[in-house]
Amino acid sequence: MTHDKTASETAEREGPDHFIRDIIRDDLASGRVQGVVTRFPPEPNGYLHIGHAKAICLNFGMAAEFGGRCNLRLDDTNPVKEEEEYIAAIQDDLRWLGFDWGGTAFHASDYFDQLYAWAEGLVEDGKAYVDDLSGDEIRALRGTLTEPGENSPHRDRSVEQNLDLFRRMKAGEFPNGAKTLRAKIDMASGNINLRDPVLYRVLHATHPRTGDAWCIYPTYDYAHGQSDAIEGVTHSICTLEFADHRPLYDWLINNLPVPAKPKQYEFARLNLTNTVLSKRKLMQLVQTGKVTGWDDPRMPTLRGMRRRGIPAAAVREFASRIGVARADSVVEYGFLEFCVREVLNRTAPRRMAVINPLKVVIENYPEGDGEMLDAINNPEDAGAGTRQVPFSREIYIERDDFMENPPKKFFRLGPGREVRLRYAYYITCTDVIKDGDGNLVELRCTYDPATRGGDSPDGRKVRGTLHWVSAPHAMSAEVRQFEHLFLAENPSAEEDLLAAVNPNSLSVLPDVKIEPALATDPVSTQVQFERLGYFCVDPDSTDGHPVFNEIVPLKDTWKKVQKKG
Ligand code: ATP
Ligand code: MG
C-alpha cells in the first residue's frame, strides 16, 4: 500500500537551515497559520536577474517544502515604466528556472477597484486625506531621522472635502502631481515611513492592462500588503530595504477591512562580485550597447545566464547553498561558477575541441582515411556510453600544449618528448616547422601503433595527455569566451559604471576545430570540451557555422580561493 504523499513530505529540504524556515515551522506549529502561501512580486520594468532567483527559490521553495503555494504577482502599479514585453519574459524565465505558479499570474492591477474602495474607506474613517503639496514640498516637510516632520496645511480637511477631492482625482480633474492621497498617521513618528505616506498619486498614463481606466495609481506601500491580504499570503518575504516599511505594512493591514493578516519578513538581498544586480543599471548596459541585449551571455540576468548555457539546476543549487540571512553580504562570483561546474560535471557529455589549433603531421601513420577510436562520453555517468572519434595522419593540438624549450614542470609536448593523445596513441615530436619569420607552423611527430587506445603494453609512462582533433574530419566553429563584465569587485561603487565595463569581457575565437560528433549534438545541450571547460551552442549559430559560448572554464578558482582562505 502506498499513500499519496503531501508536497511537504515529498519536497526535499534544500540547503542549510535558515530563519525564514524556522518562522514558518513555528507559525504552523503554533497554529498562527494553517498553511503556507508566499508570493514572488516582480515589478515588470526589466528582466529577472540572479538576485531575483534568490527570492524566487526562497518563496517557491518554502511553499513547496510546506505543501503550500506561491503566487506570481506582477507588481504593475507604475504604468510609466512597465511593458508587456517584461511580463512575458518574467513568466518565461520563471518556467525556465523550474517553477510553477498554478497557471494564473496575478497582477496588482487586478485589485485596483478593491484598493480604491478601501482607500475611500480610510478617508471616511478620517485616516487619509487629499494633499495639494507637490512631491518636493512633501519631502521638505517630512523632517529627518532626528527632526520630526510638519503637518501639511491640508491635513485637516473634512471627510466630505477629502472624499470629494479623492473622487475628483479619480475622475481625472487634476493634472499629474497636483494632488496625492496620504495616510493620516503621525508626522512626528520616529519612522519616516509613518509620516503620512502617500497612498495614491495622479498619473495620466495608459496602463498595459487597465488601459485608460485609471489616472490615479496606488503606491507600492499601499498596494503591496493589501494585495498580499487579498491573495491570502501568509508570509510576505522581501528584502531588507523594506524592513523600515514594515510598521506601515502593519498599520495598513490593521486599519483596513482586509480578509487576512499577512506578515512581512525581510532577508538580505544577494550581492555578487564583479557584476551589478539592479535592473536600472542592467538597463543602462543594454541601452548604451555595452552588451548586446538583456540576454547577452555576460549579463547576470536569467536570460543571459540561460544563453550562456548555465543550467537552471545550477542556479537553484546556488540559491540554496548561499543560504538566507538577515545581514547583508557579498557572494563571490566564483561560487556561482563552482555550482555550475558541479552540475555540468555530472551531466555534460565530453567532446574534443581545439581552440587554438597547431597542426601535427604524424609521419609514420599511413596516408588515407584513418580510423575510428572509442571515446568515453562522460566518466561521471556510465550510462552516457561511448562514441567514435576519427583519427588520421594529420591532427590539431592546442598551441599551448607545445613548447620548444619547455621548463621542467611542463609535462606536455616538446621536441623529442612523448605524450599521450587521449583515446588514441602515444606520439613523439620529431621536428618543428617554422615559416620565414620564425613562427611555429606545424609539428612533425611519430606515433607508436602499439599504444592504440592510449596505453603502452610495455608499461612506458608519459606525463601528459593531450586532446586533439583529426584535421581532415574537423569542423570549424566560433567560440566566444567571457571575462567578468566588470573587473572591479564592487562596480556599483565606481563613479562611472559604463566606463568600468571590462573592455575584454568578450573574446571571439573565429576558427576553433571541433570533433564531428559536435555537429549532431542537440542545440542547447551543454558539453565539456575536454581539458578546457563547459560550452554551449549559441542561437547565433547558422548551418555549417556553429557558435559556442564558454559557460565556465574547467579550472576551479573557487577551490583555490578556499584553500588560500
Ligand atoms: P532592482 O533593484 O533590480 O530593480 P527590485 O527589488 O526593484 O530590483 P523587483 O522586481 O521589485 O525588483 O523585485 C521582485 C522581488 O525580488 C522583490 O521581492 C525583491 O525583494 C526581490 N529581489 C530583487 N533583487 C534581489 C536581490 N538582489 N536579492 C534577493 N532578492 C531580490
Ligand atoms: Mg522594485
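For ligands, and for the atoms within them, numbers begin at 1 and follow the listed sequence.
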- [ ] Using distance alone, determine whether Lys279 and ligand 1 share an N or O pair under 3.5 Å.
- [x] yes
- [ ] Could you tell me whether Leu270 and ligand 1 have an N or O pair separated by under 3.5 Å?
- [x] yes
- [ ] Please say whether Lys54 places an N or O atom under 3.5 Å from an N or O atom belonging to ligand 1.
- [x] no
- [ ] Without swapping roles, check the side chain of Thr210 against the backbone of Ala213 for a donor-acceptor pair under 3.5 Å.
- [x] no
Open item on the list: With heavy-atom distances below 4.0 Å as the criterion, list the atoms of ligand 1 near Thr239.
Closed with: 19 (C), 20 (O), 29 (C), 30 (N), 31 (C)
Open item on the list: Check this for me - ligand 1, His52, N or O atoms closer than 3.5 angstrom, yes or no?
Closed with: yes
Open item on the list: For Arg480, is there any backbone N or O sitting under 3.5 Å from a side-chain donor or acceptor partner on Asn549?
Closed with: no
TODO: Could you tell me whether His49 approaches ligand 1 through its side chain, its backbone, both or neither, with non-hydrogen atoms closer than 4.0 Å?
DONE: side chain
Task: Residue Ala55 vicinity, atoms of ligand 1 by number, heavy atom under 4.0 Å - done: 16 (O), 21 (C), 30 (N)
TODO: Answer yes or no: does an N/O atom from Glu43 fall short of 3.5 Å to an N/O atom of ligand 1?
DONE: yes
Task: Short N-O contact, Arg209 and Asp110, less than 4.0 angstrom - done: yes
Open item on the list: Regarding atom 30 (N) of ligand 1: of the candidates Gly46, Gly51, Ser236, Cys238, which has the closest heavy atom?
Closed with: Gly51
Open item on the list: Could you check whether Ser134 and Glu137, counting side-chain N and O atoms only, form a donor-acceptor pair closer than 3.5 Å?
Closed with: yes
Open item on the list: Over 60° means perpendicular and under 30° means parallel, so tell me whether Phe318 and Phe335 are parallel, tilted or perpendicular.
Closed with: tilted
TODO: Taking only Lys NZ, Arg NE, NH1 and NH2, and the carboxylate oxygens of Asp or Glu, determine whether Arg303 and Asp93 approach each other closer than 4.0 Å.
DONE: yes
Task: Arg39 charged N/C atom sitting above Phe106 aromatic ring, 6.0 Å / 45° - done: no
